[in-house]
Amino acid sequence: MAAARIPTVALPSGATMPAFGLGTWRMGESARRRAEEVAALRHGLDLGITLIDTAEMYGDGEAERIVADAVGTRRDEIFIVSKVLPENSSRRGTIAACERSLKRLKTDRIDLYLLHWRGSPPLSETLEAFQALVKTGNILAWGVSNFDLGEMGELAHLPGGDAVATNQVLYNLSRRGIEFDLLPWYRKRGIPVMAYSPIEQGRLLGHAALREVAARHHATPAQIALAWLARQDGVVVIPKAGTRAHVEEDLGALELKLTRDDLATLDGAFPPPKTAQPLDML
Ligand SMILES: NC(=O)c1ccc[n+]([C@@H]2O[C@H](COP(=O)([O-])OP(=O)(O)OC[C@H]3O[C@@H](n4cnc5c(N)ncnc54)[C@H](OP(=O)(O)O)[C@@H]3O)[C@@H](O)[C@H]2O)c1
């Protein structure tokens with residue numbers, strides 16, 4: 001497989017990030033699978049996938065160490081996203097958590113650092129910590145995850161809150177709630193959305209409509225689910241693939257062009273929302 005040309009999305013700062021990357025949730029949980037996980041991520045990098053999404057939570061920090069092993073000397077080519085846990089998101093806690101992540105990642109900077117979900121520390125404290133970390137160069141941009149519209153509004157009203165670079169949320173064919181209000185809110189402000197669990201952790205794969213569209217393209221259901229997200233402007237897709245074969249298959253989604261008929265079939269099986277819905281989370 002030749003190295004892929006991955007499209008990018010613009011961040012509000014004017015910087016860019018790749019629109020397709022690899023997730024790492026559930027990595028680092030089994031010593032037996034570790035080598036395969038490092039190899040899968042490294043294979044992705046070899047194929048031109050330069051975005052990796054991780055978090056201090058994943059494998060209790062072990063996923064970040066796996067990312068470090070996969071990235072090796074290629075740090076400058078890679079866009080690393082990591083996340084602080086809500087219970088660490090006080091001003092001092094966020095800075096300390098970031099320092100621990102940097103050590104595990106064996107790097108001096110995180111490209112995009114997110115609050116994993118809203119916790120009890122005041123949001124203003126997390127924001128102050130993010131701003132301090134940007135100043136020291138420990139992070140290059142910051143964002144949030146699992147924020148609903150009310151929480152985004154609250155954030156936008158804090159000093160400097162409008163610099164939020166992304167909201168990483170659950171978004172796939174079977175979880176289209178954000179299309180009603182959240183997605184338009186971001187589009188209006190030029191803020192990209194990171195779509196997590198893009199194949200619903202595998203639960204989407206047996207769906208008849210996906211299989212039907214996949215057959216039309218000689219593709220797989222996973223590729224159709226990913227292509228459906230990847231075709232949308234301002235959406236960053238981060239499937240987790242623990243094997244080299246899945247990495248290749250998932251990357252192949254970027255070659256697919258869904259037709260109007262395909263989209264109609266998928267809309268019929270997974271209807272878009274007609275009313276506002278509470279934000280789904282995994
Ligand atoms: N911010 C948040 O709260 C949050 C929450 C959830 C996820 N995330 C991020 O988003 C990433 C992706 O979400 P996810 O891991 O929950 O779910 P996902 O990417 O929808 O699905 C991952 C699962 O699908 C399998 N898979 C991948 N490619 C496949 C293929 N081509 N054919 C068949 N199976 C395939 C993987 O198996 P193998 O491992 O065997 O390849 C794994 O079991 C996470 O890893 C994480 O980085 C963030």
Side-chain angles (χ1 to χ4, degrees), residues 6-21 23 51 53 79 81 83-84 86 89 111-119 122-124 126-128 130-131 134 139-198 200 225-239 254 257-258 260 263-264 266-267 270-282:
I6 310 264
T8 57
V9 297
L11 299 178
S13 66
T16 57
M17 79 183 277
F20 184 91
L51 165 63
D53 179 81
F79 191 103
V81 182
K83 313 182 195 83
V84 56
S89 67
D111 296 274
L112 177 57
Y113 196 45
L114 310 181
L115 172 58
H116 210 144
W117 64 90
R118 183 71 192 273
L123 200 49
S124 57
T126 317
L127 188 47
E128 280 171 32
F130 283 161
Q131 289 162 343
V134 168
I139 67 173
L140 302 186
W142 62 269
V144 293
S145 176
N146 296 301
F147 267 42
D148 65 18
L149 207 52
E151 290 162 334
M152 287 309 291
E154 197 186 328
L155 177 64
H157 280 99
L158 291 173
D162 55 357
V164 60
T166 193
N167 186 8
Q168 185 178 116
V169 291
L170 176 58
Y171 183 35
N172 63 48
L173 272 166
S174 62
R175 310 273 195 165
R176 298 183 62 173
I178 68 164
E179 289 175 19
F180 188 78
D181 44 15
L182 213 51
L183 208 48
W185 193 93
Y186 300 121
R187 291 225 162 100
K188 204 167 135 201
R189 289 163 179 79
I191 301 173
V193 169
M194 294 183 75
Y196 76 66
S197 305
E200 187 65 16
L226 295 172
W228 180 82
L229 286 167
R231 79 185 209 291
Q232 303 187 48
D233 284 341
V235 174
V236 176
V237 193
I238 47 166
L254 299 185
K257 228 177 157 42
L258 299 182
R260 206 175 285 202
L263 296 177
L266 295 171
D267 279 345
F270 304 99
K274 291 202 175 78
T275 55
Q277 297 176 10
L279 182 65
D280 275 337
M281 244 180 107
L282 279 185

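Just so you know, residue 1 is the first one in the sequence shown, and it goes up from there. Because only heavy atoms are used, hydrogens play no part in the values below, and waters and symmetry mates are left out as well, while side chains stay in.
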- Task: Heavy atoms only: give me the nearest Pro18-Ile6 pair and the separation to one decimal.
- Result: CB-CG2, 4.3 Å

- For Asp233, does its backbone N or O pair with a side-chain atom of Arg187 as donor and acceptor, under 3.5 Å? yes

- Would a 4.5 Å heavy-atom cut-off, applied to side chains only, mark Pro12 and Val164 as touching? no

- Query: What are the two closest non-hydrogen atoms of Ala195 and Val235, and how far apart are they?
  - Reply: CB-CG1, 4.0 Å

- Note on the structure: CD1 of Ile191 to CE of Met152, rounded to nearest 0.5 Å, is 5.0 Å

- Going by heavy atoms in the side chains, are Leu11 and Pro192 under 4.5 Å from each other? yes

- Task: With the side chain counted from C-beta on, respond yes when Leu173 and Leu266 share a heavy-atom pair under 4.5 Å apart, and no when they do not.
- Result: yes

- Message: Any side-chain to backbone donor/acceptor pair from Asp148 onto Leu279? Under 3.5 Å, distance only.
- Response: no

- Message: Donor-acceptor pair, distance only, cut-off 3.5 Å: does the side chain of Thr126 make one with the backbone of Ser89?
- Response: yes

- To the nearest 0.5 Å, tell me how far Met281 CE sits from Asn146 CG. 4.0 Å

- Between Pro198 and Asn172, which heavy-atom pair has the shortest distance, and what is it? O-CB, 3.2 Å

- Query: Taking Tyr171 for the side chain and Val193 for the main chain, is one N or O donor matched with an acceptor at less than 3.5 Å?
  - Reply: no

- Query: Looking at Leu258 and Ala227, what are the two nearest heavy atoms and their distance?
  - Reply: CD1-C, 4.1 Å

- Between the CG atom in Leu112 and the CD atom in Gln168, the distance rounded to the nearest 0.5 Å is 8.5 Å

- Message: What verdict does the side chain to side chain contact (heavy atoms under 4.5 Å, CB included) test give for Tyr196 and Leu282, after you've listed the backbone C-alpha separation in whole Å, the side-chain angles of each residue and the deciding distance to 0.1 Å?
- Response: CA-CA 9 Å; Tyr196 76 66; Leu282 279 185; 4.1 Å; yes

- Do the non-hydrogen side-chain atoms of Leu115 and Phe147 ever get within less than 4.5 Å of each other? yes

- Query: Would Asp267 and Arg176 count as a side chain to side chain contact (heavy atoms under 4.5 Å, CB included) if you check the C-alpha gap in whole Å, the side-chain angles of each, and the deciding distance to 0.1 Å?
  - Reply: CA-CA 10 Å; Asp267 279 345; Arg176 298 183 62 173; 2.8 Å; yes

- Query: Do Arg118 and Pro86 touch side chain to side chain, with heavy atoms closer than 4.5 Å?
  - Reply: no

- Message: Can you confirm whether Trp228 sits close enough to Leu263 that some side-chain heavy atom of one is under 4.5 Å from a side-chain heavy atom of the other?
- Response: yes

- Item | Reported CD-to-CG distance for the pair Glu200 and Leu170, which is rounded to 0.5 angstrom | 6.0 Å

- Report the relative orientation of the aromatic rings in Phe130 and Trp142; use parallel for angles under 30°, tilted for 30 to 60°, perpendicular for over 60°. parallel

- Rounded to the nearest 0.5 Å, how far does CG of Leu123 lie from CD of Glu154? 5.5 Å

- Taking atom CG of Leu254 and atom CZ of Arg231, what is their separation to the nearest 0.5 Å? 13.5 Å

- Query: Does a side-chain heavy-atom distance below 4.5 Å link Leu114 with Val144?
  - Reply: no

- Task: Kindly give the heavy-atom pair with the smallest separation between Pro159 and Gln131, and that separation in Å.
- Result: O-NE2, 3.2 Å

- Is there side-chain contact between Asp53 and Lys83, with at least one heavy-atom pair below 4.5 Å? yes

- Message: Can a side-chain donor-acceptor contact be found between Asn167 and Glu151 if the only test is distance below 3.5 angstrom?
- Response: no

